[in-house]
Structures are given as C-alpha cells and as structure tokens.
Amino acid sequence: MSQPADNQLANKAQAWSALFSEPMSELVKRYTASVFFDKRLWAADIQGSLAHAEMLKAQGILPAEDHAAIERGMAQIRGEIEAGSFEWKLDLEDVHLNIEARLTELVGIPAKRLHTGRSRNDQVATDVRLWLRGEIDELNTLLSALQLALVEVAEKNAEVILPGFTHLQVAQPVAFGHHLLAYVEMFARDAERLADTRRRVNRLPLGAAALAGTSYPLDRERVAKTLGMQEVCQNSLDAVSDRDFAIEFTAAASLIMVHISRLSEELILWMSQSFGFIDLADRFCTGSSIMPQKKNPDVPELARGKTGRVVGHLMGLITLMKGQPLAYNKDNQEDKEPLFDTVDTLKDTLRIFAEMAGGITVKPEAMERAALKGYATATDLADYLVKKGLAFRDAHEIVAHAVKTAIGMGVDLSALPLAELQKFDARIGDDVFEVLSLRGSLNARNILGGTAPAQVRAQVARHRARLGA
Ligand code: ARG
C-alpha cells in the first residue's frame with residue numbers, strides 16, 4: 001500500500017473518529033466490518049452513486065467538472081473490481097467506504113462531494129434493493145426454465161399412469177404428466193409472488209439521508225427514474241429502516257424451496273427400489289464408498305436439506321427486525337448474508353432441477369403395476385353403480401364389499417369374473433371392465449383440472465403459451 005493511500009485512509013477514519021480517544025480494537029473492527037460479504041454489492045453501489053451524482057449536478061449542487069471526475073473515477077473503479085485488482089480493505093469497513101475512499105484517491109475533492117445529501121443508511125438500503133431487483137429478474141428466468149422443463153416431461157408422459165396417493169396409500173390412477181404439472185402450478189405461483197415482491201423492492205430510499213431527509217434540494221424522482229425504480233419511499237425513517245422487502249423475498253424463496261423439497265421427496269421415493277418408478281441420470285447421483293451397488297439421489301436429497309437453510313434465513317431476517325426501534329440500526333447489516341445465501345442457494349437449485357428434469361427416465365410398467373395393486377379403480381366402480389341408479393353412499397358400501405372379496409382372492413377388481421361382481425349388484429354388466437381399467441379410470445376424469453390425458457395436453461398448451469414457449 002502506498003503512503004498517500006494510507007494517509008487517505010487515516011483521514012477517512014478521522015471523519016468520525018476525531019471524537020474518539022482510542023482506536024477501535026482489531027476484534028471490534030472485524031466484528032463490525034461487512035466488506036468481506038457486502039463487496040458483492042459493488043455494482044449497485046456504483047450505479048446508485050452515479051445516479052445520485054448526476055442528480056446533484058442537475059440540481060446545481062455539484063459542479064459539472066466534479067460530476068465528470070466522479071464518472072471517470074467510477075469507471076476506473078469498475079474496471080479494477082472487474083479485473084480483480086481492486087484492493088478491498090477491512091479498515092474501510094464496508095463496500096460503500098471502500099469505493100468512496102478509492103474514488104477520493106483517484107479524483108480527490110470531487111469524490112468528497114459525492115456524499116452530499118446522502119448517508120450510508122439510505123445508500124445501503126438503495127444498494128440492496130438494486131441488487132435484489134436484478135437477482136429477482138434472474139430467478140424469474142430460471143423459474144421459467146424449470147417450469148418449461150417440467151412441462152416437456154409432462155407432455156411426453158400425458159398417457160403414463162401411476163398411482164395417485166392420499167396418505168401415501170394408493171388412491172386413484174393419475175397421469176404422470178398430470179402429477180408433474182401440479183409442480184408447474186406451484187412454480188407459476190412462485191413466479192407471481194416474486195413479481196409482486198419486486199414491486200416493493202423497486203422503491204428508492206435515497207434522499208432519506210441518515211433518517212430525517214436532507215436540507216439539500218434533491219430531486220428524488222429523478223434518481224428513481226435514472227435507476228428504473230417505480231416509486232420513491234415516502235417516509236425517510238421508514239426508507240432507511242425498512243427491510244420488509246428482504247423478508248418478503250426470503251419468504252417467497254422459502255416457498256420455492258418447499259416446492260422443490262416436496263418434488264425432491266417424490267423423486268427420492270420414486271427412485272427407491274420399493275417404488276422403482278423412475279431413474280435419475282447418473283450425473284445427478286453418487287455412489288457409496290462401501291456398498292458397490294448403490295446409486296444415491298444426492299441432488300434431490302441436498303435440495304431437500306437446503307430448504308431448511310433458506311427457511312432458516314427467513315427466520316433469521318424476520319427475527320432481525322423484531323424489536324428494532326426506528327430508524328437505522330447496525331443490526332440491519334445482518335440482512336446481507338442470509339439474503340445472499342438465499343439467492344445463491346435458490347439459483348443453483350433451480351438450475352440443477354431444470355437440468356435434472358430432462359434426465360428423468362420414466363418406467364411406465366412399474367408405475368402401472370403399482371397402480372394395479374391398491375384397488376385404485378374402486379371409486380370408478382362406485383361411480384358406475386351411481387350411473388346405474390344407486391345412491392353414492394350405497395354404491396360406496398357395495399364396492400367396499402367387492403374390494404374385501406377381491407383382497408381375499410388376491411386379485412384386482414378387474415380380475416373378478418362378471419358373475420362374481422354381479423353378486424354385489426345385479427345391475428353390473430359387461431361394460432364394467434372398461435370402467436375398472438386404469439386407462440378407463442384416467443380417461444373418465446376429463447374435466448377441467450382433471451387427470452385425463454386430453455386435459456393434461458390442454459394444460460401443457462396453456463403453460464407453453466404462458467411461458468412463451
Ligand atoms: N455496512 C452498513 C450496513 O450494511 C452500512 C450502513 C452503515 N450505517 C451506519 N450508520 N453505520 O448496514
């Protein structure tokens with residue numbers, strides 16, 4: 001580090017430490033610094049500073065030459081950070097002071113004017129919002145890709161039958177495509193939630209200064225417009241202290257992970273020897289160091305595990321805000337790591353799942369065999385009797401007897417001879433066998449939202465149109 005740079009830093013620290021009679025202890029310095037994680041906000045920090053400087057110039061608060069110097073310095077800093085040559089310093093506490101100090105090194109006095117009418121409190125709130133807005137946009141793209149990947153597998157499997165479960169007991173036959181589209185619905189709602197959260201993320205705190213606003217004639221609307229922000233935060237105290245948007249985002253992220261986790265659980269079950277419904281491509285699995293026959297679904301298992309981590313971040317953030325008096329408190333510095341980790345975990349998970357969906361091998365025979373085991377068409381027999389004139393409750397009772405008999409004989413309902421079936425109700429005719437078949441059951445549920453292949457195809461078309469694919 002060169003001598004003049006050192007002096008700059010000393011001066012910088014002097015700005016607030018003139019009041020202090022002893023230097024900060026090394027431990028406290030490390031404890032309070034955030035630069036090692038918040039340097040990630042650098043691009044947003046520069047973007048926010050440039051918008052602020054441009055407005056200061058437009059308002060006649062900052063001379064045009066100073067503005068030009070700030071732009072020049074920031075361009076160089078951007079280059080240094082991108083090239084990895086920027087020297088981040090713990091002594092300068094956070095991303096904001098690091099960039100400002102470097103700007104001062106590079107352009108001198110004009111850099112010292114940048115902070116006019118601004119505080120790190122409204123600066124950091126703006127940075128986090130700008131950064132998160134960009135991440136939400138990326139997440140939205142990833143969510144669409146995952147939905148599309150699932151829609152494609154669903155389309156190929158519109159006719160494949162597996163047992164639908166309630167209480168994890170075989171209930172009724174459903175199309176595998178229909179089952180996958182249930183997850184597409186979840187992820188579609190997740191995308192809606194992210195879009196809604198984005199509206200509240202995309203508001204501008206700058207101009208709130210430390211907490212009370214500023215005496216300079218700032219044009220907040222102008223800064224908002226430059227930054228593409230929809231609105232200006234309307235109360236300075238709220239502007240610097242609000243982290244609702246981070247909590248909301250993490251809540252939306254937690255729900256996405258919960259959906260991923262439910263899907264993971266199913267993939268794990270389906271891949272187990274007991275089910276044997278699917279296989280996952282080798283590249284998403286690992287072996288065992290002791291059992292040579294093993295192929296473990298590590299990716300879905302880890303995703304299920306990482307759900308706990310993201311939900312934990314939600315708990316962390318919501319607890320962080322509890323009991324904080326207005327306005328800014330240093331507690332808020334703790335918003336970043338959970339937020340960053342939530343975004344990273346979510347992005348990786350969504351990417352992997354979109355890829356993994358394409359690598360699912362479906363085993364239709366195993367699925368059908370399982371569907372044939374649990375008297376999955378019993379409801380269809382009851383419905384058949386209702387169509388023949390019985391009340392549903394009576395039909396339900398009759399079918400329970402029929403199932404009991406079939407269990408005793410160790411066969412499916414469809415394997416009972418007609419004469420046997422007619423003992424339960426004389427109205428049962430030859431046409432019952434189509435009704436008792438898995439495919440007959442599936443095709444019969446040709447209602448909006450139902451599992452009939454025709455409905456699955458209609459939903460596939462709707463999703464494709466919605467996703468623009
Ligand atoms: N690093 C701080 C944070 O993340 C920036 C704001 C500091 N403001 C202050 N008054 N100490 O919240």
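Atoms within a ligand are numbered from 1 in the order they appear, just like the ligands themselves. Since this is a predicted model, take the numbers as computed values, not measurements. The figures that follow rest on heavy atoms only: side chains count, while hydrogens, waters and symmetry mates do not. Nothing fancy with the numbering, it's 1 onward along the sequence.
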N-O pairing of Asp94 and Arg120 below 4.0 Å: yes
Would you call Glu26 and Lys29 a salt bridge, using N to O less than 4.0 angstrom? yes
Could you pull out every protein residue that has a heavy atom closer than 4.0 Å to ligand 1, ordered by chain and then number? Ser34, Asp38, Asp94, His96, Arg120, Asn121, Val124, Tyr328, Gln333, Lys336
Can you name the residues that form a side chain to side chain contact (heavy atoms under 4.5 Å, CB included) with Arg78, not counting sequence neighbours? Trp42, Ile46, Glu82
Is a salt bridge present between Asp190 and Arg193, judged by a nitrogen-to-oxygen distance below 4.0 Å? yes
The single option from Asn121, Leu206, Asn332 passing side chain to side chain contact (heavy atoms under 4.5 Å, CB included) against Val240: Asn121
Going through the distances and angles, do Glu266 and Tyr183 end up as a side chain to side chain donor-acceptor pair (under 3.5 Å)? CA-CA 11 Å; Glu266 303 219 82; Tyr183 285 98; 2.5 Å; yes
